[in-house]
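Chain A is the first sequence line, chain B the second, and so forth, proteins listed ahead of strands; every chain is numbered from 1.
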Amino acid sequence: MAKNLVIVESPAKAKTIEKILGKDFEVRSCFGHIRDLEKDDMGIDIQNNFKPKYTIPEDKEKVVKELKKLAKETDEVWLATDEDREGEAISWHLCEVLGLDPEVTKRIVFHEITKPAIEKAVQQPRLLDMNLVNAQQARRILDRIVGFELSPVLWRKMSMRNSLSAGRVQSVAVRLIVEREREINTFNAVSSFRVEAFFTAKDLQGKNITFKAEGPTRFKTAEDAEKFLQQCVGAAYSVKDIQVKPGKKSPAAPFTTSTLQQEASRKLGYSVSKTMLLAQKLYESGKITYMRTDSVNLSDTALGDIQNAIVTNYGQKYHQHRKFKNKNESAQEAHEAIRPTYMENASVDDSDTKKLYELIWKRTIASQMSDAELEKTIAKIDISTNHDELTASGEVLKFDGFLKVYMEGKDDEELSDEDEDDGSLPPLAVKQALDLKEMKATERFSRPAPRYTEASLVKKLEELGIGRPSTYAPTITTVQKRGYVEKRDKEGIKRDFRIMTLKADKITKVTDTENTGAEKSKLFPTDLGMIVTDFLNQYFGSVMDYGFTAKIEGEFDEVAHGKKIWNNMLNEFYTPFHKDVENTLEKAERVKGERQLGTDAESGKPIVARMGRYGPMIQIGKAEDEEKPKFAKMKSTQSIETITLEEAMELFKLPRNLGKFEDEDVLVNIGRFGPYAAHDKKFYSLKKEMDPYTVELDEIAPLIVEKRAAKDERTIKIFEKEKIQILKGPYGPYIKQGLRNYKIPKEKIDTAADITLEEAKAIIEDVKANPPKKKAPPRKKKAE
DNA sequence: CAGTGAGCGAGCTTCCGCTTGACTT
């Protein structure tokens, strides 16, 4: 046994460090936090000054046991968890659990995993910083209180289903999406006319080329735009003035978790969870540095490495040393920026991770490369018939610099229709006469802010200081899993726009159509998300405030710096918060999310859109009416807030009876799992392209035949009377009786077709007597 | 996997942040 035990958080890190430290040191990982608050009674003794009650989660018992054993056997334990609030707390929990004295136990930190950095760290151990630990405890306890007091309020006050949740991070994430959706719904597009003139002039080779010049202003009406074109009839054009300005572009900082997620989304179309999964693979195989970081810092060794790679690949003049600063210098910088471990590897062999790795490599290289140098030319063009002038601008790249390797992508949010690339202009001289090919006034509409993508939501959350690199991806998953938010596409709608063209002194007018409002893989709030957000906003405005996290982070910092006592800080938060909880439980009405749509023309009964137990629906008539109300489930793309009376009435065309197939009626409807056809007491899901409102009988019949065939295909054997089936599943053959499945013992898997009734019964009895061990998380205490 | 939508009440759910490994009914 080695004399020293070093504990770090990540096992991949442990391996590398052990090699560096040599045989006197054994390096182990604790896999993140090893203790958490108990679930019962929130795990907090609020009366007793918020005293936390910690427990070791089941899936950490093994690690803790192992570390305890090793700690006993070694002379000295070194705590080398990350240098941030959470890392400090992990070290403290290790002290508590391993029986180490925090007054003497050595605490070390390193910012890069290199021999000199680690050896230096070992020479400069410090002690635990209890202020920092207390700041973490305050953070943990506050989050538990918010989550475990707000969620039950929702269970009581929402008339929809259960397992709703609320929390400091997730509820604000949903709020962002809800508010963006409403902005879009209430947005009024305003049109204006943009004038573009196309001229020809000779280039250096004497060839005629066409370039574009912008009109003096955007015209608010078609009349104004036409008047302008009218004034240009018979005009002569000449260059009035030329300005040449140098410009430059600089590369973006190397990747953090959030910028990596954004770029992988923009350039590779990856979801944030896919990006993180692939990054994890690259990290574990030693290809990149740690992937959960908010630091843009690069270590000195990395900087040398990058410089080498740039000089070798592109030459000295492409290198420029840069130091990037983090925006919020509150410094939870436990790690470096995300970069390749070895810059000499410009790619990896693995096909899954190849694209992501190359993106990281390019971004890292570019971040230490020279600026791109531009030359921007602006030419003003005189119109002989009026006082206005046109502007032509062109941009020429003089030196490509970092653009040789990498250009950061843009979100829709940052794009505008003026954003088209400036091309190059032909050489022009002042007073030079120009030939007008044509001039166009095109109608353009203002656009609302675009819906969030997963990645642009992460960007926004990061700007607000909400969430951490390790939680961005899980948060996005949670709000979708809870049914507050959906990721989907939206079809655009056709819109007419007008174009007026001046050509050969004649004006012509045409109307064209464009597609507008189409979205791909965007986040939409559900009705549930909107209703829950409105409720939380109404009763818990302070927690839902976009500045809430920033405010309490400031207080956590004060605790960390010893300027505030953590219990007092929590008490200041809790007293008014808990009052709001009690007040809401007592006074708030149960929320139904009802919206009146009008009255039914036939019966005169009221029509409402509202949340039912199973989701949004339309109801005609009231529950207390003599005749039962009629119900129709809304489509997943519709929303209570925006559905029209016409759209609502359309829904009552289901269920449709399509007629008889094999003497039985075929009914089409939409159920819990989407559109289906029912026939002879069996159900058949409609194919994606089938519309339940228009689908015909002859499209359904093959569906029925197909499903029967698939079932025969899966069946190996049936014992009719006992209701025992031997079936083929994705993991091989298994036995099914009633609704339960039973695993076939290994030795019989290959001869599953030969299993007799007696053998099958024996297997079932055996499995029932020795139920397979359940894995730790789904520990349901359901009585069988 | 399924066709529901009243009201009651049992029994259940839930947070954020740190880390990976499960291994199929």
Pair A:Arg168 + A:Asp143: basic N to acidic O under 4.0 Å:
yes

Could you check whether A:Arg168 gets within reach of a base, just the sugar-phosphate, or nothing at all, counting any heavy atom under 4.0 Å? sugar-phosphate

*Please confirm whether A:Arg656 makes a cation-pi placement over A:Tyr693, using NZ or CZ under 6.0 Å from the six-membered ring centre and within 45° of the ring normal.*
no

Looking at every strand, decide which applies to A:Gly32 at a 4.0 Å heavy-atom threshold: base, sugar-phosphate, or nothing. base

Taken to the nearest whole Å, CD1/A:Ile670 to P/B:dG5 is 17 Å

Taken to the nearest whole Å, CD1/A:Ile620 to P/B:dA6 is 16 Å

> Is the aromatic ring of A:Phe148 within stacking range of B:dT14, meaning centres under 5.5 angstrom and planes under 30 degrees?
Replying inline: yes

- prompt: Under 4.0 angstrom, heavy atoms only, what part of the nucleic acid is A:Ser685 near: base, sugar-phosphate, or nothing?
  reply: base

Next item on the list: Identify whether any heavy atom of A:Gln170 sits under 4.0 Å from a base atom; if not, whether one sits that close to sugar-phosphate; answer base, sugar-phosphate or nothing.
Entry: sugar-phosphate

Q) Thinking salt bridges, do A:Lys13 and A:Asp82 make one under a 4.0 Å N-O criterion? A) yes

**Prompt:** So what does A:Gln280 touch, heavy atoms closer than 4.0 Å: a base, only the sugar-phosphate, or nothing?
**Reply:** sugar-phosphate

A:His335 NE2 to B:dT19 C1', in whole Å, measures 10 Å

TODO: May I ask you to verify if any side-chain N or O of A:Tyr290 is less than 4.0 angstrom from the OP1 or OP2 atom of B:dT19?
DONE: yes

inquiry  = Once you apply a heavy-atom cut-off of 4.0 Å, does A:Tyr684 come out as touching a base, just sugar-phosphate, or nothing?
reply    = nothing

- Message: Go through it in stages, so that I can follow the logic: the residues are A:Tyr283 and A:Tyr290, the test is ring-ring contact (aromatic ring centres under 6.0 Å, His included), and I'd like the CA-CA distance, side-chain angles, deciding distance and then a yes or no.
- Response: CA-CA 6 Å; A:Tyr283 169 66; A:Tyr290 197 60; 5.1 Å; yes

ask   = Heavy atoms under 4.0 Å, any strand shown: does A:Gly87 hit a base, just sugar-phosphate, or nothing?
value = nothing

| At under 4.0 Å, does any side-chain N or O of A:Ser10 touch on OP1 or OP2 of B:dT19? | no

For B:dC15 and A:Arg482 - does any side-chain N or O of the residue sit under 4.0 Å from the phosphate oxygens OP1/OP2? yes

- Message: Using OP1 and OP2 only, check whether a side-chain N or O of A:Ser165 sits under 4.0 Å from B:dC15.
- Response: yes

**Message:** Within the 4.0 Å heavy-atom criterion, would you say A:Pro474 contacts the bases, only the backbone, or no part of the nucleic acid?
**Reply:** nothing

(request) Decide whether A:Ser165 and A:Arg482 meet the rule of one side-chain donor and one side-chain acceptor closer than 3.5 Å. (result) yes

* Asked: Using a cut-off of less than 4.0 Å, is there contact between a side-chain N or O of A:Arg610 and OP1 or OP2 of B:dG5?
  -> no

Regarding the side chain of A:Ser151, the nearest nucleotide among B:dT14, B:dG5, B:dT19 is B:dT14

Margin query: Quick check with a 6.0 Å cut-off and a 45 degree axis cone: is A:Arg144 positioned over the face of A:Phe148's six-membered ring?
Written below: yes

Rounded to whole Å, the CG-C1' distance (A:Leu654 to B:dA2) equals 15 Å

Counting only side-chain nitrogens and oxygens, does A:Arg35 get under 4.0 Å of the OP1 or OP2 atom of B:dC18? no

Any N/O donor-acceptor pair, A:Arg468 side-chain to B:dC18 base, under 3.5 Å
no

Within the 4.0 Å heavy-atom criterion, would you say A:Leu667 contacts the bases, only the backbone, or no part of the nucleic acid? base

Review point. At under 4.0 Å between heavy atoms, what does A:Ala89 touch on the DNA or RNA strands: base, sugar-phosphate, or nothing?
Key: nothing

Regarding A:Val169, tell me which of base, sugar-phosphate or nothing describes its non-hydrogen contacts under 4.0 Å with the strands shown. sugar-phosphate

| Under 4.0 Å between a side-chain N/O of A:Arg292 and OP1 or OP2 of B:dT20, yes or no? | yes

(message) What's A:Gly621 touching, base or sugar-phosphate or nothing? Going by heavy atoms closer than 4.0 Å.
(response) nothing

Q.
For a quick test of reading the model: is some side-chain N or O of A:Thr471 closer than 4.0 Å to OP1 or OP2 of B:dG17?
A. yes

